[in-house]
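Working notes for the structure below.
As the structure is a prediction and not an experimental result, all values here were calculated from the model.
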Amino acid sequence: MVVDLPSRLNGYSFDEHDALYERGEVYRLVYDYMNEDPRYLDAKSGKMLNIWGTEAKDYEITPLGNTISKSTGEKSITQAEAKKIADDLLKKLPGSYRFLQFREGSSAQNLEQVVERHAGMEYVPADPQKEKTEKVTVIISPKGELLQYYKEINSESKKVDKAISYEQAKEIALQMVKTLMPERLGELYLIERNPPSDQEVEEILASGNRNYVFSYGLLIDGIPFDPLYLDVRVKPGTGELVEFGFLQDAKPPATLPAAKIDREAAKKIEQKNQKAMLTYFLPENWMDKAKRGEKQTPMLVYRYIGDEGLVDAVTGEWIILDKQREKESKGRK
């Protein structure tokens, strides 16, 4: 995968971070674990487990389609062009809306001005009965791409008595991605997560203001781009799309270097720099379960212990993520 290296490093000074940017070493092609990957060997069953403590199964990252967005070059759109894009996007969604105003903080405030950072537009329902309780915001990039859509509903939070299921919401989210980003389906893939338990669903419905959340990763030449993902939120009581967009402000590299280290070689580099040990292990979601009063029993597993790191897929370098510990280790030698 491609990672934003400075965001993963601990113990780096501001000067060291700046140096990475100056040298163009922000994004690195590396081998790293994804959530579903086998990481631990259950000492009792002999099964490979993922970070949630469930059996890791073979899977492939499959894009939603085959369309890839075309680069628009360096030229940025105007505010008027951004508004037209937002108007057209809203026509694809249920309901009818009218333009209210340009959002405060937009990098362009008149129609002919070129958009530098983003263009934000606010809309309200065309129905006068709803315009005081709903507002929709659409944010468009300088290149004319949808960055964010979100709906604000000003109503009292009440327990949801009748709701759509998680699977129904998942299908709605997928259809919204296909509707709003048809030109990018070959670049997006669903990040699979364990469905919420019955108790978690009850908590979502009881709150009255929580949503079902789904995430889609971004692919560059078929390789996951870790810093950026698409967040889609669906309201359980109505099935409405309430939030859609990229949460990070990260610009993917135009091209990637070719990997010179294969997966098996990367495993050997990891094994050389870490030690296999028998340890107790609590799954990644243990804290959430503890808050709900669910009993958590540590699992006995074999796993690699040592400094957390990544394998550079081009050079084969073992990148220790905690740079302070790396400095201390070198100082003791």
Side-chain angles (χ1 to χ4, degrees), residues 2 60-99 103 115 118-123 125-126 136-151 164 166-193 211-235 238-256:
V2 181
E60 291 185 5
I61 294 176
T62 306
L64 303 181
N66 53 23
T67 53
I68 305 293
S69 61
K70 297 179 180 179
S71 173
T72 58
E74 296 301 319
K75 185 179 178 181
S76 296
I77 62 173
T78 65
Q79 186 83 333
E81 291 170 321
K83 180 180 178 299
K84 185 179 185 309
I85 292 171
D87 291 345
D88 291 342
L89 284 172
L90 287 179
K91 291 175 183 177
K92 298 179 180 181
L93 300 177
S96 179
Y97 295 89
R98 64 177 180 83
F99 177 73
R103 185 170 178 264
V115 176
H118 63 262
M121 282 72 63
E122 294 179 352
Y123 297 80
V136 166
T137 300
V138 181
I139 300 177
I140 303 297
S141 79
K143 304 303 178 188
E145 297 173 326
L146 174 62
L147 293 180
Q148 280 194 320
Y149 161 99
Y150 55 90
K151 177 185 287 188
I164 62 172
Y166 178 82
E167 290 302 321
Q168 288 173 316
K170 184 177 180 180
E171 181 61 27
I172 290 172
L174 175 60
Q175 292 307 315
M176 287 297 98
V177 175
K178 290 182 176 181
T179 297
L180 296 177
M181 291 190 167
E183 77 287 352
R184 304 193 69 176
L185 298 182
E187 303 171 63
L188 297 168
Y189 68 97
L190 176 65
I191 299 176
E192 293 285 359
R193 293 194 173 97
N211 305 303
Y212 290 126
V213 183
F214 306 93
S215 298
Y216 293 83
L218 181 67
L219 298 170
I220 303 176
D221 296 334
I223 298 172
F225 180 62
D226 184 58
L228 198 62
Y229 66 92
L230 179 67
D231 196 58
V232 184
R233 297 173 185 257
V234 176
K235 197 171 183 63
T238 62
E240 290 177 273
L241 175 69
V242 290
E243 191 167 333
F244 181 104
F246 292 104
L247 299 184
Q248 298 86 354
D249 185 16
K251 184 179 180 182
T255 58
L256 293 176

Can you name the nearest heavy-atom pair linking [X] to [Y], along with the distance?
X	Y	value
T137	E122	OG1-CG, 3.9 Å
Y229	G217	CB-CA, 4.3 Å
A169	Y212	CB-CD1, 3.3 Å
T67	P182	OG1-O, 2.6 Å
P63	G186	CB-O, 3.6 Å
H118	L147	CB-CD1, 4.2 Å

Check step by step if side chain to side chain contact (heavy atoms under 4.5 Å, CB included) holds for L64 and L174. CA-CA 9 Å; L64 303 181; L174 175 60; 3.9 Å; yes
Drop me the distance from [X]'s [atom1] to [Y]'s [atom2], to the nearest 0.5 angstrom.
X	Y	atom1	atom2	result
L146	M181	CG	CE	4.5 Å
K170	E192	NZ	CD	4.0 Å
F225	I220	CZ	CD1	5.0 Å
T62	L219	OG1	CG	9.5 Å
I85	K143	CD1	NZ	12.0 Å
I172	E167	CD1	CD	11.5 Å

Looking at E187 and S69, would you say the former's side chain and the latter's main chain have a donor-acceptor pair under 3.5 Å? yes
Would the distance check show the side chain of S215 and the main-chain N or O of I191 forming a donor-acceptor pair, the cut-off being under 3.5 Å?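 No, because the side chain of S215 does not come within donor-acceptor range (under 3.5 Å) of the backbone of I191.
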Does some side-chain heavy atom of [Y] sit less than 4.5 Å from a side-chain heavy atom of [X]?
X	Y	value
L93	V136	no
L185	K178	yes
L218	L230	no
V234	M176	no
E145	R184	yes

Less than 4.0 angstrom from a charged side-chain N to a carboxylate O is my criterion; do K92 and D88 meet it? no
Output, in order, the C-alpha distance, side-chain angles, deciding distance and verdict of side chain to side chain contact (heavy atoms under 4.5 Å, CB included) for V177 and F214. CA-CA 11 Å; V177 175; F214 306 93; over 6 Å; no
Give me the ring orientation class for Y123 and F99: parallel if the planes are under 30° apart, tilted from 30 to 60°, perpendicular past 60°.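 It falls in the perpendicular class, over 60°.
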How far apart are the C-alpha atoms of I140 and E81, what are their side-chain angles, what is the distance that settles it, and do they pass the side chain to side chain contact (heavy atoms under 4.5 Å, CB included) test? CA-CA 10 Å; I140 303 297; E81 291 170 321; over 6 Å; no
Show the numbers, then the answer: is there a salt bridge (Lys or Arg N to Asp or Glu O under 4.0 Å) between D87 and K91? CA-CA 7 Å; D87 291 345; K91 291 175 183 177; over 6 Å; no
Take atom CG in N66; do more than 12 heavy atoms of anything else shown fall under 6.0 Å from it?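 Open: at most 12 neighbouring heavy atoms sit under 6.0 Å from CG of N66.
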Any chance you could lay out the side chain to side chain contact (heavy atoms under 4.5 Å, CB included) test for Y149 and L241, step after step, and finish with the verdict? CA-CA 9 Å; Y149 161 99; L241 175 69; 3.9 Å; yes
